[in-house]
Amino acid sequence: MMQVLSTRSGATTKECPPVGRLIILTGPSGVGKGTLLRSLLQRHSDLHYSVSVTTRLPRPGEIDGKHYNFISRGEFEKLVAAGELLEWAEYAGNYYGTPRETVINQTRSGKSVVLEIELEGARQVRASFKGARSIFILPPSIEELEKRIRGRAQDSEEAIARRLRRAKEEISAANEFDIQIVNDDLETAIKAVEAAIFG
Ligand SMILES: Nc1nc2c(ncn2[C@@H]2O[C@H](COP(=O)(O)OP(=O)(O)O)[C@@H](O)[C@H]2O)c(=O)[nH]1
Ligand SMILES: Nc1ncnc2c1ncn2[C@@H]1O[C@H](COP(=O)(O)OP(=O)(O)O)[C@@H](O)[C@H]1O
């Protein structure tokens with residue numbers, strides 16, 4: 001909503017509309033990012049989740065257009081070539097990326113947008129959006145992380161092994177982020193992420 005301010009000369013100037021916030025949520029596979037975000041999105045209707053594009057195949061229960069836009073590698077490469085992605089990365093053998101236009105339009109209209117993305121993408125966004133708030137979700141331990149990935153029962157042994165190898169590299173980069181939150185007790189972690197986003 002554009003607000004008009006009067007100046008001393010009586011002329012009016014137009015105040016720039018409030019710019020929404022960009023929140024980056026990163027953490028190793030299986031740490032609980034999706035679980036935390038689902039809870040936050042239910043509690044905060046003014047928080048908008050950026051739906052990514054990916055070449056990964058849908059998991060059971062994942063809905064095209066809701067969890068991800070599931071596309072082919074050829075389609076993904078076209079989006080990259082056309083400059084339509086805010087950031088993108090290859091992770092565990094698949095491509096993932098954030099469509100640029102929706103995020104730019106939402107933040108320009110004052111909305112708060114959450115990107116749930118991996119480390120390389122987070123680095124790209126933090127480099128180009130200085131005001132973005134970046135949050136890294138840590139597991140209580142690597143053992144607990146592996147227990148959660150296996151407990152989710154959504155990934156093949158090969159995918160689990162790749163994710164756990166990458167997890168160790170990602171965790172070592174946690175201090176690059178503005179805020180680090182250990183997802184041990186879920187309710188405690190939800191409150192901590194809530195405070196990190198809205199505090
Ligand atoms: N760079 C980037 N990473 C993404 C994007 N969407 C999801 N990811 C990340 O890709 C990784 C794999 O996601 P997914 O296949 O859903 O597995 P999960 O993290 O084990 O649930 C996770 O770290 C996600 O945060 C995106 O648009 N860009
Ligand atoms: N604080 C927690 N304590 C125990 N299990 C959790 C916790 N948070 C999430 N989980 C479980 O861990 C698994 C991975 O969570 P998920 O949200 O899919 O992780 P991510 O999105 O980071 O890959 C799920 O089975 C989820 O129910």
Side-chain angles (χ1 to χ4, degrees), residues 22-42 48-71 76 79-80 84-103 113-129 132 134-171 173-174 177 181-193:
L22 196 56
I23 295 111
I24 302 165
L25 190 67
T26 298
S29 174
V31 75
K33 301 181 299 297
T35 304
L36 292 166
L37 210 41
R38 272 192 298 280
S39 174
L40 284 166
L41 292 169
Q42 281 162 5
H48 299 269
Y49 172 69
S50 166
V51 180
S52 299
V53 289
T54 186
T55 60
R56 167 168 76 67
L57 293 174
R59 292 170 172 151
E62 284 186 327
I63 299 162
D64 189 26
K66 181 175 185 249
H67 297 91
Y68 283 103
N69 288 311
F70 296 99
I71 62 175
F76 192 97
L79 290 177
V80 172
E84 291 186 28
L85 299 181
L86 192 74
E87 58 73 33
W88 66 276
E90 183 161 11
Y91 174 91
N94 283 299
Y95 286 129
Y96 297 81
T98 299
R100 179 189 303 275
E101 191 179 356
T102 309
V103 172
V113 182
V114 185
L115 309 183
E116 187 207 322
I117 59 178
E118 50 67 68
L119 178 60
E120 292 314 316
R123 284 171 171 163
Q124 294 167 41
V125 175
R126 291 180 61 233
S128 45
F129 284 84
S134 59
I135 304 166
F136 194 96
I137 308 295
L138 287 159
S141 67
I142 283 291
E143 294 72 25
E144 172 65 15
L145 184 67
E146 178 164 1
K147 185 175 153 223
R148 291 181 188 176
I149 297 186
R150 294 191 179 286
R152 184 172 66 181
Q154 296 267 21
D155 301 287
S156 65
E157 274 307 311
E158 193 259 343
I160 290 173
R162 291 181 83 157
R163 280 162 152 70
L164 287 174
R165 273 199 304 276
R166 181 63 179 153
K168 294 183 178 84
E169 294 160 14
E170 289 171 321
I171 289 168
F177 289 68
I181 294 170
V182 177
N183 180 18
D184 193 352
D185 171 73
L186 185 57
E187 271 310 313
T188 305
I190 290 169
K191 289 186 173 64
V193 177

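Remember, it's 1-based here, ligands and their atoms both numbered in the order they're listed. We number each residue from 1, following the sequence as shown.
- With Glu120 contributing its side chain and Glu90 its backbone, the two residues share no donor-acceptor pair below 3.5 Å.
- In the vicinity of Gly121, heavy-atom distances shorter than 4.0 Å reach the ligand 1 atoms 1 (N).
- Among all protein heavy atoms, the one lying closest to atom 27 (O) of ligand 1 is Ser52 OG, 2.6 Å.
- For atom 8 (N) of ligand 2, the closest non-hydrogen atom on the protein side is Asn183 ND2, 3.1 Å.
- Among Tyr95, Tyr91, Tyr96, Trp88, the residue whose heavy atom lies closest to atom 15 (O) of ligand 1 is Tyr96.
- Every N/O-N/O distance between Ser29 and ligand 2 stays at or above 3.5 Å.
- Annotation: atom 9 (C) of ligand 1 to nearest protein heavy atom, Glu118 N, 3.6 Å.
- Residue, atom and distance of the protein heavy atom nearest to atom 19 (O) of ligand 2 are Gly32 N, 3.0 Å.
- In this structure, the side chain of Glu144 does not engage the main chain of Ser141 through any donor-acceptor pair within 3.5 Å.
- In this structure, the side chain of Glu84 does not engage the main chain of Glu101 through any donor-acceptor pair within 3.5 Å.
- A donor-acceptor contact shorter than 3.5 Å is absent between the side chain of Lys66 and the backbone of Val51.
- For a threshold of 3.5 Å applied to N or O pairs, the pair formed by Tyr68 and ligand 1 contains at least one separation below that value.
- Ligand 2 has at least one atom lying under 4.0 Å from a heavy atom of Gly30.
- Interface of Thr35 with ligand 2, defined as ligand atoms under 4.0 Å from a residue heavy atom, comprises 9 (C), 15 (O), 16 (P), 17 (O), 26 (C).
- Without hydrogens or angle criteria, Asn183 side chain to Val31 main chain gives a donor-acceptor distance under 3.5 Å.
- The residue from Gly30, Ser29, Pro28 that puts a heavy atom closest to atom 20 (O) of ligand 1 is Ser29.
- Proximity of a side-chain donor or acceptor of Asp155 to a complementary backbone N or O of Ile160 within less than 3.5 Å is not detected.
- Neither the backbone nor the side chain of Gln154 comes within contact range of ligand 1; no heavy atom lies under 4.0 Å.
- Of the polar atoms of Gly151, none of the N or O atoms is found under 3.5 Å from an N or O of ligand 2, judged by distance alone.
- Thr26 places a side-chain N or O within 3.5 Å of a backbone atom of Ile117 that can act as its donor or acceptor partner.
- Closest to atom 28 (N) of ligand 1 among all protein heavy atoms lies Glu87 OE2, 2.8 Å.
- With contacts defined as side-chain heavy-atom distances shorter than 4.5 Å, the pair Ile171/Pro139 qualifies.
- Remark: among candidates Arg56, Lys33, Arg59, the nearest residue to atom 18 (P) of ligand 1 is Arg59, based on non-hydrogen atoms.
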Worksheet item: Step by step, would you call Glu157 with Arg150 a salt bridge (charged side-chain N to carboxylate O under 4.0 Å, His left out)?
Response: CA-CA 9 Å; Glu157 274 307 311; Arg150 294 191 179 286; 2.6 Å; yes
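- Contact check on Glu118 versus Arg163 returns no salt bridge, with no Lys/Arg side-chain nitrogen under 4.0 Å from an Asp/Glu carboxylate oxygen.
- The backbone of Pro28, and not its side chain, has at least one atom closer than 4.0 Å to an atom of ligand 2 (non-hydrogen atoms only; backbone = N, CA, C, O).
- Taking only nitrogen or oxygen atoms, main chain and side chain alike, Gly97 reaches within less than 3.5 Å of ligand 1.
- For the pair Arg162 and Tyr91, the cation-pi criterion (under 6.0 Å, within 45° of the ring axis) is not fulfilled.
- Between Phe76 and Tyr95, the two ring planes are parallel [angle under 30°; tilted spans 30° to 60°].
- Each of the following atoms of ligand 2 lies closer than 4.0 Å to a heavy atom of Asp184: 1 (N), 2 (C), 3 (N).
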Practice prompt. Before giving the answer on salt bridge (charged side-chain N to carboxylate O under 4.0 Å, His left out), spell out for Lys191 and Glu187 the whole-Å C-alpha distance, their side-chain angles and the decisive distance to 0.1 Å.
Written response: CA-CA 6 Å; Lys191 289 186 173 64; Glu187 271 310 313; 3.6 Å; yes
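- Taking a cut-off of under 4.0 Å to the non-hydrogen atoms of Gly34, the atoms of ligand 2 that pass are 17 (O), 20 (P), 21 (O).
- Between atom 10 (N) of ligand 2 and the options Arg148, Arg163, Gln154, the minimum heavy-atom separation is to Arg148.
- Backbone and side-chain nitrogen or oxygen atoms of Glu170 are examined, and none is located within less than 3.5 angstrom of a nitrogen or oxygen of ligand 1.
- Across Arg123, Glu116, His67, heavy-atom proximity to atom 8 (N) of ligand 1 is greatest for Glu116.
- When atom types are taken as modelled, the side chain of Ser128 and the backbone of Gln124 share a donor-acceptor pair closer than 3.5 angstrom.
- The nearest heavy-atom contact from the protein to atom 18 (O) of ligand 2 is Arg152 NH1, 3.0 Å.
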